[in-house]
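Here's the structure, in structure tokens; my notes come after.
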Amino acid sequence: MQTNEQKRRSKSGCLTCRARRVKCDTRSGVCGNCSRLHEVCRRGNGPVQSVELTAETMSTLTKAGTVRRRTIRSCLECRNQKRKCSGGRPACNRCAYNNLQCTYTNFPARSSSSVEDTSSSIDGSSRSSHQVDIQQPNTSQPIRPNLTASEVPGNNHGTTVLVTLNADHVRHIGINSSRRTQSYPSSKAVSTHAIRVPISSPIEIQLPDKIMVRMLVERFFSEIYPSRMFGFLHKPTFIFQLDEGHESNVDEKTLLLTICALATKNNHAESPELWEIGSQWANHAQQLLMASTNSISISNLMSVILLHEHESRVGKLSTCFLLTGLAARMSQALQINLEYDFDVLCSDSTMNCTEKECRRRLMWACYLLDSMTASGVKQLQLIDESDIKIQLPCSEDNFLFERPCITETVTPGETLKFANIFNQPISPTSNMDYRAYMIRIVYIRNRVLKYVKRFMEDEDPWLPTSEFSRILSDLMAWKLSCPSDLALTPSVIFIRKEQGLLLPLFQIQILYHLCFCDIFRIVMPGLSYPKTSSIEAIQIAAPVDFIIEKQDSCYQHACDISDIFQYALYHLPEEIGDPGLAIAAHEATRIQIVYTTDIAADRVTDEKLDATVKLIEYNVMYLQAITRRIPGIAKILGAVEKLIQKSPLSIPNIGPNFASRESSPEPPGDTAPQISPEYKLHPLSNFSAMRESIREKHAPQTTRYASSSSSGSPAGPLLDISLLSSMIFTNTEDWLLANQQGVLF
């Protein structure tokens with residue numbers, strides 16, 4: 001209700017402030033608003049007249065006649081990234097500089113009359129009114145020289161794949177981990193923003209908003225980044241670019257899409273919906289990579305490595321095999337197997353130490369990937385260790401704090417010939433952490449796998465000058481060279497767990513024990529190699545003490561692997577481990593069963609047998625736990641259960657049989673002219689499993705399947721479980737005959 005005491009509005013304000021409808025301080029001369037904005041302070045008592053705006057003056061003047069300082073409408077790209085938009089047409093300054101598609105909506109300016117229309121557009125029934133105005137660039141303007149042909153805007157607007165994540169998905173991400181304590185109300189939906197590609201591309205991808213992306217990125221750096229050689233991203237730089245919205249080009253967006261997809265592949269049971277959404281992101285990232293194969297860059301190579309891990313976790317082994325070849329060829333094209341220049345300490349280099357270290361770590365990741373795929377088969381190996389002329393990765397502290405340093409090469413005690421180590425305050429080994437020692441043990445294991453496939457061409461293994469003795473000596477030297485913070489002691493386990501680095505410690509130790517398990521197979525008849533005349537010759541010619549010692553050592557290293565799985569079940573119940581370690585549980589189980597029931601049955605006591613049963617139970621529990629998180633491991637778990645059920649041992653907590661295709665391998669003859677590589681590889685290796693999914697197979701393999709299919713056996717899963725389980729007994733006595741004789745390889 002109005003009263004006489006109500007304060008009347010002052011009429012002494014300037015006309016400029018009245019036109020702008022802001023309060024004027026009525027200061028004499030020039031008011032504060034006009035002084036701050038450098039506007040003409042008009043005075044007088046006349047009516048305020050608005051300026052008639054035309055199409056030419058609308059972008060520069062307001063209705064009050066002042067200079068327009070805000071754009072009428074921001075483009076979608078700047079609005080999604082929350083960046084200032086110049087509002088230029090056909091493209092704003094930011095989109096023109098970054099070669100982005102500049103898109104404007106046809107929504108009118110927000111006003112009281114348009115609020116209702118805008119709110120009603122949320123409903124799906126009125127979604128047709130959301131017309132998108134895609135501004136085509138002026139053909140008279142020159143295109144930037146670095147714009148590739150695939151990035152030139154065209155008329156194909158493509159389709160939009162919209163994936164909306166709500167707060168339930170947010171809560172599913174790492175909420176069980178003590179390192180992540182953020183929570184969000186369930187009623188709040190998480191909005192999405194688009195990762196846009198050039199309009200010539202048929203894909204337009206929707207990622208979650210910044211909160212969700214940041215959580216996925218943090219999950220990647222906490223759970224995936226430390227394992228194996230995925231630490232090729234400099235986290236401070238990456239997070240800074242992510243917060244600033246600098247992921248402007250297609251390569252960087254593909255990398256971000258891949259990281260978010262891989263971060264969803266750590267626990268299927270926790271959020272199956274998020275798992276499937278991540279698979280869609282990975283498919284889009286693959287399409288982006290295939291559309292830009294002519295653009296070979298560091299970012300694309302990083303995306304290939306991470307996509308390989310994603311596809312491995314979802315069980316797409318054929319894609320993994322092809323991505324391995326793509327990664328190897330891209331590394332060769334980029335020449336990251338060589339140092340960028342001779343200035344290792346970056347005192348006068350055109351590239352900083354962080355970028356150089358990223359290149360080194362990326363090259364070592366390609367090497368580990370290629371070694372894992374080849375498994376010692378020369379035909380499948382694309383990266384030779386002798387061609388890698390770079391130093392090992394530096395410590396994580398030096399990497400994060402961008403401190404240049406010198407480390408050793410893969411050969412212990414050696415540094416780069418052009419690296420000046422004399423003026424360094426500390427030794428090169430002090431600049432290395434667990435990643436360097438992981439590369440060295442993988443290098444030794446690669447030698448082991450090559451040796452066991454051609455050991456009959458070497459000297460007798462019990463001779464001190466044989467390759468067998470040299471490998472064992474190198475393994476012991478590696479063990480002695482490891483720093484104390486890589487030992488499996490209670491204090492180290494506690495510290496590594498606090499640091500979030502317990503899983504890499506388990507990975508390194510398991511790789512070390514696997515080397516012994518692999519090389520000692522040549523004295524373990526019935527394990528992996530057939531009882532041919534050559535194997536029997538070793539059993540006859542070798543000293544008895546040598547045979548017994550190596551068999552006992554093989555069994556002991558298998559038990560050590562089971563102990564590590566017991567540690568993992570106790571210390572990492574929520575992050576049970578790396579899916580790549582599942583094969584180690586399978587191998588440890590095979591060795592323990594063969595040793596206690598066949599090879600050393602006469603010298604195994606009841607106490608030792610009971611302890612073995614307990615260790616095998618740990619192997620099964622580990623596989624069951626990791627299968628709940630990554631369903632693709634189920635076939636390895638099924639193979640282990642099949643092995644146990646075929647053996648005379650009684651192991652508790654063994655689930656039902658997995659359906660398997662009954663078939664038996666066709667033993668190749670001693671004089672076979674051609675041998676397919678899968679006859680040299682483990683049936684559970686990636687290459688063998690990949691070959692199972694291919695219809696067109698090598699001739700001997702095709703004959704084997706033809707004989708099995710003619711018997712009327714139904715088609716089953718890709719893995720031949722009966723082939724695997726028979727390796728303990730006699731059905732695969734000729735499975736690796738070609739491997740023994742070195743045919744072709």
*Got a donor-acceptor contact below 3.5 angstrom from the Asn431 side chain to the Ile406 backbone?*
yes

**Request:** Please report the C-alpha distance between Gln241 and Glu252 in whole Å, then the side-chain angles of each, then the deciding distance to 0.1 Å, and finally whether the side chain to side chain donor-acceptor pair (under 3.5 Å) criterion is met.
**Result:** CA-CA 10 Å; Gln241 293 179 351; Glu252 294 174 353; 5.5 Å; no

inquiry  = Do Met229 and Ile305 make a side-chain contact, defined as non-hydrogen atoms from C-beta onward lying under 4.5 Å apart?
reply    = no

- Query: Does a side chain donor of either Lys389 or Thr409 reach within less than 3.5 Å of an acceptor in the other side chain?
  - Reply: no

Query raised in the report: Can a donor-acceptor pair be found between the side chains of Ser297 and Asp251 at a distance below 3.5 Å?
Result: yes

With side chains defined as the heavy atoms from C-beta onward, is the minimum distance between Lys316 and Ser318 less than 4.5 Å? no

task: Could you tell me whether the side chains of Ser371 and Tyr443 share a donor-acceptor contact shorter than 3.5 Å?
output: no

Exercise. Scan side-chain atoms only and decide if Gln332 and Asn337 contain a donor-acceptor pair under the 3.5 Å cut-off.
Key: no

Q. Got a donor-acceptor contact below 3.5 angstrom from the Arg496 side chain to the Asp485 backbone?
A. yes

| said: Given 3.5 Å as the limit, does a donor-acceptor pair link the side chain of Ser222 with the main chain of Arg219, or not? | reply: yes

So CD1 of Ile336 and CD1 of Ile390: to nearest 0.5 Å the spacing works out to 7.0 Å

Paired with Ile259, the side chain to side chain contact (heavy atoms under 4.5 Å, CB included) test is passed by just one of Ile224, Leu216, Leu242, Leu306, namely Leu306

Should the pair Arg403-Glu357 be classified as a salt bridge under the 4.0 Å nitrogen-to-oxygen rule?
-> no

Face-on cation placement of Arg361 at Phe399 ring, 6.0 Å and 45° thresholds = yes

Would you say the side-chain atoms of Thr354 and Glu402 include a donor-acceptor pair closer than 3.5 Å? yes

Check your understanding: Are any of the side-chain nitrogens in Glu339 or Arg359 under 4.0 Å away from the carboxylate oxygens of its partner?
Key -> no

- request: Could you tell me whether Phe230 and Tyr225 have their ring centroids closer than 6.0 angstrom?
  value: no

query = After noting the C-alpha distance and the side-chain angles of Arg447 and Glu385, does the key distance pass the salt bridge (Lys or Arg N to Asp or Glu O under 4.0 Å) rule?
reply = CA-CA 10 Å; Arg447 290 174 52 197; Glu385 300 91 343; over 6 Å; no

Practice item. Taking atom CG of Asp387 as the centre, report whether more than 12 heavy atoms of other residues, nucleotides or ligands fall under 6.0 Å from it. Key: yes

* Asked: Distance-only, no hydrogens or angles: does the Trp478 side chain make a donor-acceptor pair with backbone N or O of Tyr437 under 3.5 Å?
  -> yes

Taking Ile388's backbone N and O only, do any of them form a donor-acceptor pair with Tyr367's side chain (distance below 3.5 Å, no angle check)?
no

**Request:** Give a yes or no answer on whether the side chain of Arg360 reaches the backbone of Pro393 with a donor-acceptor pair at less than 3.5 Å.
**Result:** no

- Message: Under 3.5 Å, is there a donor on one side chain and an acceptor on the other for Thr324 and His308?
- Response: yes

(Q) Checking the side chain of Arg445 only, and the main-chain atoms of Cys515 only, is there a donor and an acceptor separated by less than 3.5 Å? (A) no

### Task
Check whether any side-chain N or O of Asp343 sits under 3.5 Å from a backbone N or O of Cys346 as a donor-acceptor pair, and report yes or no.
yes

Backbone N or O of Leu288 within a donor-acceptor pair of the Ser292 side chain at under 3.5 Å? yes

Scanning both residues in full, the closest heavy-atom pair of Lys265 with Trp275 reads NZ-O, 2.7 Å

### Message
Are the side chains of Thr264 and Ile277 in contact, using a 4.5 Å heavy-atom criterion?
### Response
no

Rounded to the nearest 0.5 Å, the CG atom of Leu581 sits from the CG atom of Leu503 at a distance of 6.5 Å

Looking only at heavy atoms, the pair that brings Met290 and Leu326 closest together is CE-CD2, 3.9 Å

Value for CE (Met363) from CD1 (Ile439), rounded to nearest 0.5 Å, stands at 10.0 Å

Query raised in the report: If you measure only the distance, is there a donor-acceptor pair under 3.5 Å linking the side chains of Thr373 and Asp370?
Result: no

When rounded to the nearest 0.5 Å, the distance separating CZ of Arg79 from OG1 of Thr103 is 11.0 Å

Check your understanding: Does Ser299 offer a backbone N or O that forms a donor-acceptor pair with the side chain of Ser303 under 3.5 Å?
Key -> yes

- Query: Crowded around Phe418 CZ? As in, over 12 foreign heavy atoms under 6.0 Å?
  - Reply: yes

Electrostatic pair Asp341:Lys356 at N-O distance under 4.0 angstrom:
yes

CG of Leu416 to CD of Gln391, rounded to nearest 0.5 Å, is 5.5 Å

Between the CG atom in Leu572 and the CD atom in Glu223, the distance rounded to the nearest 0.5 Å is 10.5 Å

